[in-house]
Amino acid sequence: MSHCVSFYPASFIDENTKMFYDPAVLAKTCDLIRVMCYDMYYAPGIGEADLRHRDDCAGVGPTADYLWTKEAMSFWMRHIPGDKLVMALPAYANDYAVTGDRKGRQIYQSVPDSVSGTLPDPVWLCYEKVNIYLYDATDGHRHLFYASDARSTEALLGLADELGISQIGFWHFSSVDPSMWKVTEKWKKQ
């Protein structure tokens with residue numbers, strides 16, 4: 001039996017955080033636990049009216065980053081034996097209009113799809129281990145695109161090695177681009 005679990009931001013601070021599942025029960029009853037190391041930020045974000053009640057960067061950020069993924073896996077490793085854990089990686093990116101209505105969307109590819117003019121080179125965020133693109137889109141707005149790409153995947157695979165996690169998976173099989181498969185195949189052979 002398998003189960004997918006998420007990581008709540010408060011889980012590493014407060015062991016009594018209310019969850020939809022009991023880690024002790026999962027450890028006893030499941031053969032595999034897939035830790036969803038994605039949706040750190042959900043791309044549609046939140047509306048302006050909701051901003052006054054939030055302190056999470058208005059819902060703008062990557063679907064996952066290195067440090068958050070490390071926290072998520074470390075949390076579940078305290079509750080579930082490592083041989084039962086699957087580190088489930090993102091295979092979609094978050095794209096946000098940062099001018100205008102500040103809406104976001106998930107993109108099932110590793111580069112922006114609605115570029116007006118020339119796509120600038122990505123900028124690597126060294127702590128988050130994520131590429132970002134700041135670009136002008138065909139909707140007339142400036143966009144910020146947090147990429148799930150080969151480089152971020154390679155960093156997360158290195159984290160799997162660091163943590164001793166031998167099983168990985170992806171959110172959505174068909175959205176893993178060829179360069180991401182290439183680094184994954186290389187990782188599998190090591």
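Closest non-hydrogen pair, Ala91 versus Val176, comes out as CB-CG2, 3.6 Å. Counting all heavy atoms, side chain and backbone alike, Cys37 lies closest to Met73 at SG-SD, 3.7 Å. Scanning all heavy atoms of the two residues, the minimum distance from Phe145 to Gln109 falls at CZ-O, 3.7 Å. Taking both residues in full, the closest heavy atoms of His141 and Ala97 are given as CB-CB, 4.3 Å, listed atom of the first, atom of the second, then distance. Taking both residues in full, the closest heavy atoms of Ile80 and Pro23 are given as CD1-O, 3.6 Å, listed atom of the first, atom of the second, then distance.
Ring geometry for Trp76 against His79 counts as perpendicular: the plane angle is over 60°, on a 0 to 90° scale with 30° as the lower cut.
Between the side chain of Tyr96 and the backbone N or O of Gly61 there is at least one donor-acceptor pair closer than 3.5 Å.
Grouping the Ile, Leu, Val, Met, Phe, Trp and Tyr side chains by contacts below 4.5 angstrom, directly or via other members, places Leu125 with Met40. By the rule that hydrophobic residues join a cluster once side-chain heavy atoms approach within less than 4.5 Å of another member, Ile132 and Val98 end up as members of one cluster. Hydrophobic clustering of Ile, Leu, Val, Met, Phe, Trp and Tyr side chains at less than 4.5 Å, counting indirect connections, unites Leu89 with Tyr41. The cluster map of Ile, Leu, Val, Met, Phe, Trp and Tyr, joined by side-chain heavy atoms under 4.5 Å apart, puts Val183 and Ile165 in the same cluster. Taken together through direct or relayed side-chain contacts under 4.5 Å among Ile, Leu, Val, Met, Phe, Trp and Tyr, Val86 and Leu163 form parts of separate hydrophobic clusters.
Within the 4.5 Å cutoff, side-chain heavy atoms of Phe170 are placed close to those of Trp181. Residues Val111 and Asp177 have side chains not in contact (no heavy-atom distance under 4.5 Å, counting atoms from C-beta outward). Annotation: side chain of Val5 is not in contact with side chain of Phe7 (no heavy-atom distance under 4.5 Å). Using a 4.5 Å cut-off on side-chain heavy atoms (C-beta onward), Pro112 and Leu119 make contact. Counting only heavy atoms from C-beta outward, the side chains of Val123 and Leu134 never approach each other to under 4.5 Å. Between Leu156 and Lys129 there is no side-chain heavy-atom pair separated by less than 4.5 Å. Counting heavy atoms from C-beta outward, Ile168 and Met87 have side chains that approach closer than 4.5 Å. Taking the side chain as every heavy atom from C-beta outward, Asn131 and Ser152 never approach each other to under 4.5 Å.
Asp149 meets the salt bridge (Lys or Arg N to Asp or Glu O under 4.0 Å) test with no other residue; sequence neighbours excluded. Listed by chain and number, the residues in a side chain to side chain contact (heavy atoms under 4.5 Å, CB included) with Thr63 are Tyr38, Asp39, Pro90, Tyr92, Asn94, Ser148 (sequence neighbours excluded). Under the ring-ring contact (aromatic ring centres under 6.0 Å, His included) criterion, His143 pairs with Tyr135, not counting sequence neighbours. Applying the side chain to side chain contact (heavy atoms under 4.5 Å, CB included) rule to Leu67 yields the partners Asp65; only residues at least two apart in sequence or on another chain are considered. Under the salt bridge (Lys or Arg N to Asp or Glu O under 4.0 Å) criterion, Arg105 pairs with Asp95, Asp113, sequence neighbours left out.
Counting non-hydrogen atoms of neighbouring residues, nucleotides and ligands closer than 6.0 angstrom, the NZ atom of Lys84 exceeds 12 such neighbours.
Here the NZ atom belonging to Lys28 is positioned 11.5 Å from the CG atom belonging to Leu26, to the nearest 0.5 angstrom. Here OG1 of Thr118 is found 10.5 Å from CG of Asp136. Values are rounded to the nearest 0.5 Å. For the atom pair OG (Ser179) and NZ (Lys182), the distance works out to 9.0 Å, reported to the nearest 0.5 Å.
Between Glu185 and Lys188, at least one side-chain N (NZ, or NE/NH1/NH2) sits under 4.0 Å from a carboxylate O, which counts as a salt bridge.
Applying the side-chain contact (heavy atoms from CB on, under 4.5 Å) test between Ser2 and each of Asp31, Leu32, Ile33 identifies Leu32 as the sole match.
For the side-chain hydrogen bond (donor to acceptor under 3.5 Å, both in side chains) condition, the pairs that include at least one residue of residues 158-168, sequence neighbours left out, are Tyr66-Glu162, Lys70-Glu162, Asp161-Trp187.
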